[in-house]
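Note sheet for the following structure.
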Amino acid sequence: MLSIKDAIEAIEGRWKVLILFALSEKPKRFNQISKEVNGITDKTLSKELKSLETNKLIRRDFYNTFPPTAEYSITPHGLSLEKVLDELHFWGLLHRHEVIGK
């Protein structure tokens, strides 16, 4: 039971799974993630990125540019959720078809 609790705490909430899904293709900058995860505020995105980084699911790389830029990418630990994310994606498609009929 403790393992399930730990897993849920690491990816709980409305946005974390969507952020991980957005980063699963390639590293992205803050604004790119914000555009892909429709409806999230910058404040919430910042908070969720910090939480995902604390849980070692993503990493933030800084670049010495002007102005300084950061890029977020999924870690190998985060990639271990790939099957879970894929299954959620496919189940969501089936669920949408079942409930909405589209």
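Computed from heavy atoms alone, side chains included, the values below leave out hydrogens, waters and symmetry copies. None of these values were measured; they are calculated from a predicted model.
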Practice item. Please check if the side chain of Glu36 supplies one atom and the backbone of Ile33 the other of a donor-acceptor pair under 3.5 Å. Key: no
Check your understanding: Considering residues at least two apart in sequence or located in another chain, which fulfil the side chain to side chain contact (heavy atoms under 4.5 Å, CB included) criterion with Glu53?
Key -> Ile58, Arg60
Exercise for review: For Lys56 and Thr75, work out which heavy atoms get closest and say how close.
Suggested key: O-OG1, 2.6 Å
Point to revise | Residues which pass salt bridge (charged side-chain N to carboxylate O under 4.0 Å, His left out) with Glu12, listed by chain and number, not counting sequence neighbours | key: none
Check your understanding: Once you round to the nearest 0.5 Å, how far does NZ of Lys47 lie from CG of Asp42?
Key -> 14.0 Å
Review point. Got Glu82 and Ser24 here, is their nearest side-chain heavy-atom distance under 4.5 Å?
Key: no
Check your understanding: Out of curiosity, Ile4 CD1 to Ile8 CD1, how far, rounded to the nearest 0.5 Å?
Key -> 6.0 Å
Check your understanding: Who pairs with Asp61 by side-chain hydrogen bond (donor to acceptor under 3.5 Å, both in side chains), at least two apart in sequence or on another chain?
Key -> Arg59
Review point. What pairs with His77 under ring pair (Phe, Tyr, Trp, His ring centres under 6.0 Å), at least two apart in sequence or on another chain?
Key: none
Point to revise | No-hydrogen, no-angle side-chain donor-acceptor test under 3.5 Å, Ser51 and Thr54 | key: no
Practice item. Report the distance from atom CG of Leu85 to atom CD1 of Ile74, rounding to the nearest 0.5 Å. Key: 6.5 Å
Check your understanding: Taking only residues at least two apart or on different chains, which pairs with a member in residues 38-67 satisfy ring pair (Phe, Tyr, Trp, His ring centres under 6.0 Å)?
Key -> none
Review point. Quick one: OG1 on Thr44 to CD1 on Ile19, what's the gap to the nearest 0.5 Å?
Key: 9.0 Å
Revision key, fill the gap. Closest non-hydrogen contact found for Val37 with Ile40 is O-CG2, 3.1 Å
**Study point:** From CE (Met1) to CG (Asp6), nearest 0.5 Å
**Key:** 12.5 Å
**Study point:** Check ion pair Lys5-Glu9 (N to O, under 4.0 angstrom)
**Key:** yes
**Study point:** Sidechain N-carboxylate O distance under 4.0 Å for Lys28, Glu71
**Key:** no
Review point. Applying ring pair (Phe, Tyr, Trp, His ring centres under 6.0 Å), which residue pairs with at least one partner in residues 12-39 are found, sequence neighbours left out?
Key: Phe21-His89
**Study point:** Residue pair Ile11 / Val17: nearest heavy atoms and the distance that separates them
**Key:** O-CG2, 3.9 Å
Check your understanding: What's the spacing between Leu57 CG and Leu23 CG if we round to 0.5 Å?
Key -> 10.5 Å
